[in-house]
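Worth saying up front: this structure is predicted, and the values here are computed from it rather than measured. Chain naming here is simple, since letters A, B, ... match the order of the sequence lines and numbering starts at 1 in each.
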Amino acid sequence: MKESEPITPASRKSETIEPQNVKGFRDLLPRDAYRKNEIVSVIRRVYESYGFLPVETPGLEYLEILLGEYGDENTKQIFRFKSPEEQDVALRFDLTVPLARIVAQYADLPKPFKRYQVGSVWRADKPDPGRFREFTQFDVDVVGTSSQLAEAEVISAVVKSLREIGVGDFTVNVNSRRVLNAAISKAGIAPHNAKKVLRILDKFFKIGHQNVMLELTEGRIDSSGDKIPGLGLKENSATLITSVFVIALSSPGTSRKKMLDFLTEHFGEESCSDLINLDELLESLGLGSNVVRFDPTIARGLDYYTGPVFEVNLNNKPLFGSVAGGGRYDNLVSRFTGVQLPAVGFSIGVDRLLAAISSEATNANLVDVVVTIMERNKLDEYLKIAEELRAAGIRTDLYLGTEKSLRKQLQYADKLNARFAVIVGSNEFQNGMVTIKSLESGSTLASETSDRTQWLKESREKQLEIARRDLVTEMKRLVDKRKLLITLE
RNA sequence: GCUGGCGUAGCUCAGUUGGUUAGAGCACUAGAUUGUGGAUCUAGGGGUCGCAGGUUCGAAUCCCGCCGCCAGUACCA
């Protein structure tokens, strides 16, 4: 386009680029990004208190690292590319496989290796509400021990994290692959069907006994009219395996001890030994049946689990999906080294957690104070004020715009949901004073009065005019006072 | 992937059996108020009606294909 041609809105429009997200990818705007940061830092602090060590690995891995034993069925969910050198590379779909890679690659890492890692993973599934193609996992793992202390500690660390985040009541559901395998062989189900049976049983809670039976046998038609093919099991096999679970879920209640009695009776002590062991360790950690339950229908989709598997669900959002999952995977590292290195891990789905909390929208203050600017020839004074407040640990936003009217600047502060505004104009400069305006009390006032002049008058009366030298201590007092109120509520 | 529904302004939607220049509310911008965020009032900007064909004198409206979104379902290492 020639420079002489005028740029009309219409012509500009045709040249602009549509701002949009790639399907399944999303942005986090300040409010959510802030909360996510808070969640992450709480978990990090808890994990470090357990002695877990941080690692970071690249988002991109060689395709063969990720494919491994998972087989073709899952490969289509991997984002894969050609590198500039024409090598097959792919975005990681979890943090567990990269962990297996690094413990194989760096043989001198301390064993057992306790590590935590937070980062994005990518899966090319169909996006759903609360489910994206890029999401954040926060993993904690122990590699190099078959001791069930490892299970106990990762469960304990996750429980502590979720409690400190404040997600409300939740339950850690635990099962063992060995129990499931025993159940499957006892029901006379062929090994090649085992995986599919597990997937169907995993939905027991969601779709109910009847539908599980149908999916195991002739199939069913869902509420949208879609046909779901059945597995074609014989009626008695399906009855055998589901009936055990029906009893298991109803009669022993939520007591781990009773569930263990029931499971050992049906599947033998050998199949349940890891759960029996784990139960004792959990008890000594003070994690009772109200928090950690044994649920024989939990399967988890992952093929690589070999022992106990875990899943965390929020009690007040039973159909929300699990916010964390994990288990023991004793064979994963051997893919790289040929040597078996037992491991156990637990992964928190940070974005799901965020979604679960964000639906109860709260108004977090992202900024404590906005310092407004009245006198353009005294910018150094405003800078100084802002720096002093920051040095006192107050989150201070100095107004950086060029808008001169105080009205506009206060609108800006309001939009940020700041708690206070500091106003220093020519009057204040003359008297060595500053004005502190509480934006919160002003907004409660606004809901009570509809007359503008009345509102302005009253809100100005509530402003605090203090000596310039007292600003920091007074501001600090106001900010801390409010914090205390919040924790007491 | 499968089944169904829906695509009109940033958002929620209206738009008569096809008929001039496509509307409303909210949001946004400016002013009323040049030192006070709300509310109110006034004015303003913003649309190739998802995209591409077809039927027609004439299509946001009817037909076909594609794309996207939503719900259910499958899958989810």
Side-chain angles (χ1 to χ4, degrees), chain A residues 9-10 12-14 18-21 23-24 66-71 73-78 92-97 100 121 123-129 131 133 135 137 195-196 199-200 202-203 206-207 211 215 219-229 299-305 309 321-322 325-327 329 332 345 347 349 370 372-375 403-428 435 437-463:
Chain A
R12 206 179 64 230
K13 178 79 182 180
S14 63
E18 174 77 12
Q20 57 183 344
N21 291 96
K23 179 192 176 82
L66 299 184
L67 287 183
E69 66 198 51
Y70 305 115
E73 195 180 325
N74 291 315
T75 57
K76 58 186 168 220
Q77 290 177 28
I78 298 179
R92 66 184 179 208
F93 52 78
D94 71 7
L95 301 176
T96 310
V97 173
V121 301
R123 295 182 194 176
D125 306 298
K126 176 191 156 190
D128 270 325
R131 210 168 110 184
R133 288 181 160 183
F135 56 99
Q137 290 198 325
K195 209 169 114 183
K196 289 174 184 164
R199 285 194 182 137
I200 294 169
D202 198 42
K203 295 190 288 184
K206 191 178 174 191
I207 65 176
N211 288 330
E215 290 196 22
R220 68 187 180 98
I221 292 172
D222 75 23
S223 52
S224 75
D226 188 20
K227 272 183 227 156
I228 297 170
R300 305 293 303 159
L302 276 156
D303 299 341
Y304 59 47
Y305 289 130
V309 290
S322 53
Y329 49 99
L332 195 55
S347 174
V370 170
T372 59
I373 291 188
M374 309 287 297
E375 303 293 311
E403 201 69 64
K404 287 195 184 99
S405 87
L406 186 54
R407 174 186 169 81
K408 287 284 152 59
Q409 297 192 37
L410 288 176
Q411 280 177 348
Y412 166 82
D414 195 42
K415 207 162 209 172
L416 285 185
N417 202 22
R419 293 163 59 188
F420 300 97
V422 169
I423 302 169
V424 194
S426 54
N427 298 341
E428 285 88 347
T435 297
K437 183 184 182 66
S438 164
L439 297 169
E440 289 166 329
S441 68
S443 73
T444 53
L445 193 67
S447 56
E448 291 159 7
T449 60
S450 58
D451 180 61
R452 179 175 172 78
T453 50
Q454 177 73 9
W455 173 61
L456 285 179
K457 181 169 167 281
E458 284 188 30
S459 62
R460 286 187 76 148
E461 281 166 2
K462 287 196 173 173
Q463 288 173 186

*Using modelled atom types only, decide if a donor and an acceptor are shared between the side chain of A:Gln409 and the backbone of A:Ile373 within a distance under 3.5 Å.*
yes
*Can you check whether A:Phe420's main-chain N or O pairs, donor with acceptor, with A:Ser438's side chain at less than 3.5 Å?*
no
[X] has an atom [atom1]; how far is it from atom [atom2] of [N], in whole Å?
X        : N     : atom1 : atom2 : value
A:Leu439 : B:G35 : CG    : C1'   : 15 Å
A:Lys415 : B:G37 : NZ    : P     : 15 Å
A:Ile423 : B:G37 : CD1   : C1'   : 10 Å
A:Glu403 : B:U34 : CD    : P     : 13 Å
A:Gln454 : B:G37 : CD    : P     : 15 Å
A:Leu406 : B:G35 : CG    : P     : 8 Å
A:Trp455 : B:G35 : CH2   : C1'   : 14 Å
A:Arg407 : B:A32 : CZ    : P     : 9 Å

*Let me have RNA chain B in dot-bracket notation, would you? Count Watson-Crick plus G-U wobble pairs, both distances under 3.5 Å, and use [ ] for pairs crossing earlier ones and | for inter-strand partners.*
(((((((..((((.....[...)))).(((((.......))))).....((.((..]....)).)))))))))....
How far does the [atom1] atom of [N] sit from the matching atom of [M], given to the nearest Å?
N     : M     : atom1 : value
B:G5  : B:C51 : P     : 22 Å
B:C49 : B:G23 : C1'   : 12 Å
B:A59 : B:G44 : C1'   : 31 Å
B:C64 : B:U55 : C1'   : 11 Å
B:G46 : B:G53 : P     : 26 Å
B:G65 : B:A24 : P     : 36 Å

*Measure from the side chain of A:Leu456, starting at C-beta and using heavy atoms only, and say which of B:G37, B:A74, B:G35 lies closest.*
B:G37
*Could you please name the option among B:A30, B:G35, B:G37 that lies closest to any side-chain atom of A:Lys437?*
B:G37
Minimum heavy-atom distance [X]-[Y], with the two atoms named:
X        : Y        : result
A:Leu410 : A:Ala421 : CD2-CB, 3.7 Å
A:Ala413 : A:Leu439 : CB-CD1, 3.8 Å
A:Met374 : A:Val424 : CG-O, 3.2 Å

*How many angstroms lie between CD1 in A:Ile78 and CZ in A:Arg123, if you round to the nearest 0.5 Å?*
10.0 Å
Do any side-chain nitrogens or oxygens of [X] fall under 4.0 Å of OP1 or OP2 in [N]?
X        : N     : value
A:Lys462 : B:G37 : no
A:Lys457 : B:U36 : no
A:Gln411 : B:U36 : no
A:Arg452 : B:G37 : yes

*Per the atom types in the model, does the base of B:G38 pair as donor or acceptor with the side chain of A:Asp414 at under 3.5 Å?*
no
*B:U36 base to A:Gln463 side chain: any donor-acceptor pair below 3.5 Å?*
yes
*Please report the C-alpha distance between A:Asp94 and A:Gln137 in whole Å, then the side-chain angles of each, then the deciding distance to 0.1 Å, and finally whether the side-chain contact (heavy atoms from CB on, under 4.5 Å) criterion is met.*
CA-CA 8 Å; A:Asp94 71 7; A:Gln137 290 198 325; 4.0 Å; yes
*Hey, does A:Ser426 reach any base, or is it just sugar-phosphate, or nothing, if we go heavy atoms under 4.0 Å?*
base
*Counting any heavy atom closer than 4.0 Å, what does A:Leu445 reach on the DNA or RNA strands: base, sugar-phosphate only, or nothing?*
nothing
*In terms of the nearest nucleotide of RNA chain B, which residue is placed more toward the 5' end: A:Glu428 or A:Arg123?*
A:Glu428
*Any A:Glu375 side-chain heavy atom under 4.5 Å of A:Ser426 side chain*: yes
*Could you tell me whether A:Lys457 and A:Glu461 make a salt bridge, using a distance below 4.0 angstrom between a side-chain N and a carboxylate O?*
yes
